[in-house]
Trainee: 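Here it is, the structure in full.
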Amino acid sequence: MKDKFTGTILQSDALAQYILETTAYPREHEQLKELRMATVDKYQWWSMMNVTADEGQFISLFLKMMNAKKTIEVGVFTGYSLLTTALALPHDGKIIAIDPDREAYETGLPFIQKANMAHKIQFIQSDAFKVMEQLKANGEEGTFDFAFVDADKQNYIHYHEQLLKLVKVGGIIAYDNTLWSGTVVASDDDEMAEYLRRVRTDIMQLNTFLAADSRIELAQLSIGDGLTLCRRVK
């Protein structure tokens with residue numbers, strides 16, 4: 001069994017590794033693998049900010065099942081989920097990718113270019129709220145098929161309000177890290193890393209908020225660090 005509140009949310013690190021090595025890594029696109037390894041080389045422990053390969057595999061399949069064509073990504077880091085999305089979209093697909101950290105994005109950019117996916121991506125170095133306000137002002141409300149959010153957790157609920165306007169009825173908003181290393185079931189007395197303790201309340205508030213939101217249907221998945229899918233119904 002694994003230590004509490006570290007790494008995978010599964011019952012053991014060995015089980016998580018089994019899923020990666022048996023199912024995810026053998027099907028991983030070559031440039032995704034290169035991007036993943038380059039992120040580990042540069043960022044070491046912080047490379048965990050990218051989605052896991054099995055979560056990426058799910059997102060890719062899900063986007064293809066949706067026939068998604070226009071997406072928005074809030075929080076990019078080095079771009080594993082971004083490249084995953086680009087590879088899943090058709091040739092004329094479009095992704096608005098927003099992150100204030102251009103340096104991290106440029107770590108993954110050579111692999112995006114090598115995969116011939118750069119033409120699908122409009123990277124905007126900015127605060128996400130400013131970009132979303134501009135998109136609404138440009139008449140793009142209700143035009144996005146899919147949104148993926150992996151950014152500052154304390155703003156997830158605020159992002160939700162904006163994305164519900166940008167994503168079309170029937171479209172999907174996906175929130176990453178909604179189980180937060182399992183700390184959502186921890187007590188205040190449990191030992192955990194400070195970064196986990198600092199954010200767990202925000203994640204718990206988000207989960208409660210989404211469960212009560214009549215504007216969406218939702219499913220929370222125990223993949224990666226927890227992934228919540230919200231389908232806009234009104």
Trainee: Report the residues that fulfil salt bridge (Lys or Arg N to Asp or Glu O under 4.0 Å) with K94, sequence neighbours left out, ordered by chain and then residue number.
Mentor: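 Residues passing salt bridge (Lys or Arg N to Asp or Glu O under 4.0 Å) with K94: none at all.
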Trainee: Going by salt bridge (Lys or Arg N to Asp or Glu O under 4.0 Å), name the residues that satisfy it together with K33, two or more places apart in sequence or in a different chain.
Mentor: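 Here no residue qualifies.
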Trainee: Taking the hydrophobic residues Ile, Leu, Val, Met, Phe, Trp and Tyr, and joining any pair whose side-chain heavy atoms are under 4.5 Å apart, which ones share a cluster with L20?
Mentor: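 The other cluster members (ILVMFWY side chains, heavy atoms under 4.5 Å, direct or chained) are Y25.
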Trainee: Any side-chain hydrogen bond (donor to acceptor under 3.5 Å, both in side chains) pairs touching residues 14-23, not counting sequence neighbours?
Mentor: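 Counting only pairs at least two positions apart or across chains, the side-chain hydrogen bond (donor to acceptor under 3.5 Å, both in side chains) contacts touching residues 14-23 are Q17-E21.
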Trainee: Quick one: which residue pairs count as a ring-ring contact (aromatic ring centres under 6.0 Å, His included) with a foot in residues 84-108, not counting sequence neighbours?
Mentor: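 ring-ring contact (aromatic ring centres under 6.0 Å, His included) check on residues 84-108 returns H91-H119, Y105-F123.
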Trainee: I'd like to check the side-chain contact (heavy atoms from CB on, under 4.5 Å) partners of D152; sequence neighbours left out, ordered by chain and number.
Mentor: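 Listed in chain order: Q154, N155, Y159.
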Trainee: Which residues satisfy the side-chain contact (heavy atoms from CB on, under 4.5 Å) test with A118, sequence neighbours excluded?
Mentor: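 So A118 forms a side-chain contact (heavy atoms from CB on, under 4.5 Å) with I112, Q113.
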Trainee: Which residues pass the side-chain contact (heavy atoms from CB on, under 4.5 Å) test with S81, sequence neighbours left out?
Mentor: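 Listed in chain order: V51, E73, F148.
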Trainee: Quick one: salt bridge (Lys or Arg N to Asp or Glu O under 4.0 Å) partners of R231, sequence neighbours excluded?
Mentor: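 R231 satisfies salt bridge (Lys or Arg N to Asp or Glu O under 4.0 Å) with E217 once adjacent residues are dropped.
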Trainee: Who passes side-chain contact (heavy atoms from CB on, under 4.5 Å) against R197, sequence neighbours left out?
Mentor: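 Expected list: M192, E194.
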Trainee: Just to verify, what does K70 make a salt bridge (Lys or Arg N to Asp or Glu O under 4.0 Å) with, not counting sequence neighbours?
Mentor: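 Counting only residues at least two positions away or on another chain, K70 forms a salt bridge (Lys or Arg N to Asp or Glu O under 4.0 Å) with E140.
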Trainee: According to side-chain hydrogen bond (donor to acceptor under 3.5 Å, both in side chains), who are the partners of T52, at least two apart in sequence or on a separate chain?
Mentor: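 Residues passing side-chain hydrogen bond (donor to acceptor under 3.5 Å, both in side chains) with T52: D54.
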